[in-house]
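Right, one structure below, let's go through it.
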Amino acid sequence: SAALAAATERVRAGTLSPADARHLFDELLQRPTPVPGQALNGFLAALARAPASAACGDSPALAVSLFNRLCREASPHASPLTVHTYSILMDCCCRARRPDLGLAFFGRLLRTGLRTDGVDAYALIKCFCLAKRTDEAVSVLLHRLSELGCVPDALSYSVVLKVLCDDSRSQRALDLLRMMSKEGGVCAPNVVPYSTVIHGFCKEGKVSKACDLFNKMGQQGVKPNVVTYTSIIDALCKARAMDKAESFLRHMVDNDVRPNNVTYKCIIQGYSSLGLWNEAVKIFREMTSRGLMLDDVTRNSFVASLCNHGRSKEAAEIAHQMIESETTVSN
DNA sequence: TTAGGGTTAG
């Protein structure tokens, strides 16, 4: 257990190589005592989310191979593998972009006869979603989970909503969102699932549906955040409805949701694409007055557009502020 | 009740 804890620390520090890990397992599996399950799970969980490092380029894959070795070599009477271990492994497979392997692990879990009521609904559903098996993900969420004795949580819904929206099936996502919030729904949606579906409608060009849902969430007492507002504002800008976009901007400020550089960027680009340079510059000034900056690429193209349309004075102003802010940063 | 996992702009 001490050895596993030390190895877990090294995983977090990015200094544990695959060879080190294999040596560790050589030792653990030769000992007469069972591998301590909790420390093992902690170690695998650390590997599952370790970024690539010089010592180990693909930690999730390493976790999968170590797990396979445990299945082969660990004494069945002292098996440290629990439903929790399988959850970590399925998560690993998702991170390694091998959802097919994750589903195979789930199949193995079912065959072991371990209790399934602790199955990690989120990891399982994410495997189906990443494998592009969207309809099965929906079916697991709505039917299969209860057969396994588990309850879907808000995150499980969230990942399914996202994949439906990615598939341009936002209306179906809205149906699921309604199921979450209806009486007896297992988990009331917060701002994230609402924002996901709102963004889905926006991407499909159904801005009025997005606005309807925006109003609905307010009625349900869920407060939109900067992400929610920015999605709608961007969609309105792309639909050339700049007056409505600005009214959402005022609405958010009035409700103490601070617009960020993404919000302003959408509006500036909206006005720019319509050739409304005065309005674009006005929004830019509002943005800088709040201490916000455009990213380099957007700012450079904004300056260039202004120059190309005979607005060199405004272009100079923006370039000047850019130099000033760089001076401030370096001081 | 062993860990940590969902949303926006480009």
Spacing between [X] atom [atom1] and [N] atom [atom2], to the nearest angstrom:
X	N	atom1	atom2	value
A:N225	B:dT7	CG	P	13 Å
A:K238	B:dA9	NZ	C1'	7 Å
A:I233	B:dT8	CD1	C1'	11 Å
A:Q38	B:dA3	CD	C1'	11 Å
A:K265	B:dA9	NZ	C1'	6 Å
A:L40	B:dA3	CG	C1'	13 Å
A:Y86	B:dT2	OH	C1'	17 Å
A:L124	B:dG5	CG	P	18 Å

Parallel, tilted or perpendicular: ring planes of [X] versus [Y], cut at 30 and 60 degrees:
X	Y	value
A:F43	A:F25	tilted
A:F284	A:F302	tilted
A:H251	A:Y229	tilted

Any idea which of [options] is nearest the [X] side chain?
X	options	answer
A:R95	B:dT2, B:dT8, B:dG5	B:dG5
A:T230	B:dT2, B:dT8, B:dT7	B:dT8
A:C266	B:dG6, B:dT7, B:dA9	B:dA9
A:I88	B:dT8, B:dA3, B:dG6	B:dA3
A:V262	B:dA3, B:dA9, B:dT7	B:dA9

>> Considering every strand and a 4.0 Å limit on heavy-atom distances, what is the contact class for A:S87: base, sugar-phosphate, or nothing?
In response: base

> Across the strands shown, which category fits A:D234 at heavy-atom distances under 4.0 angstrom: base, sugar-phosphate, nothing?
Replying inline: sugar-phosphate

> Can you find an N or O donor on one side and an acceptor on the other, under 3.5 Å apart, linking the side chain of A:D120 with the base of B:dG4?
Replying inline: yes

> Using a heavy-atom distance cut-off of less than 4.0 Å, which residues of residues 153-172 of chain A contact DNA chain B?
Replying inline: A:D153, A:A154, A:L155, A:S158, A:K162

>> Using 0.5 Å steps for rounding, measure from the CZ atom of A:R95 to the CG atom of A:L47.
In response: 11.0 Å

> To the nearest 0.5 Å, how far apart are CD in A:Q269 and OG in A:S301?
Replying inline: 6.5 Å

> Closest heavy-atom contact between A:V226 and A:V257?
Replying inline: N-CG1, 3.5 Å

> Has A:H199 got a side-chain N or O lying under 4.0 Å from the OP1 or OP2 atom of B:dT8?
Replying inline: yes

>> Surrounding NZ of A:K216 (heavy atoms of other residues, nucleotides or ligands, distance under 6.0 Å), is the total greater than 12?
In response: no

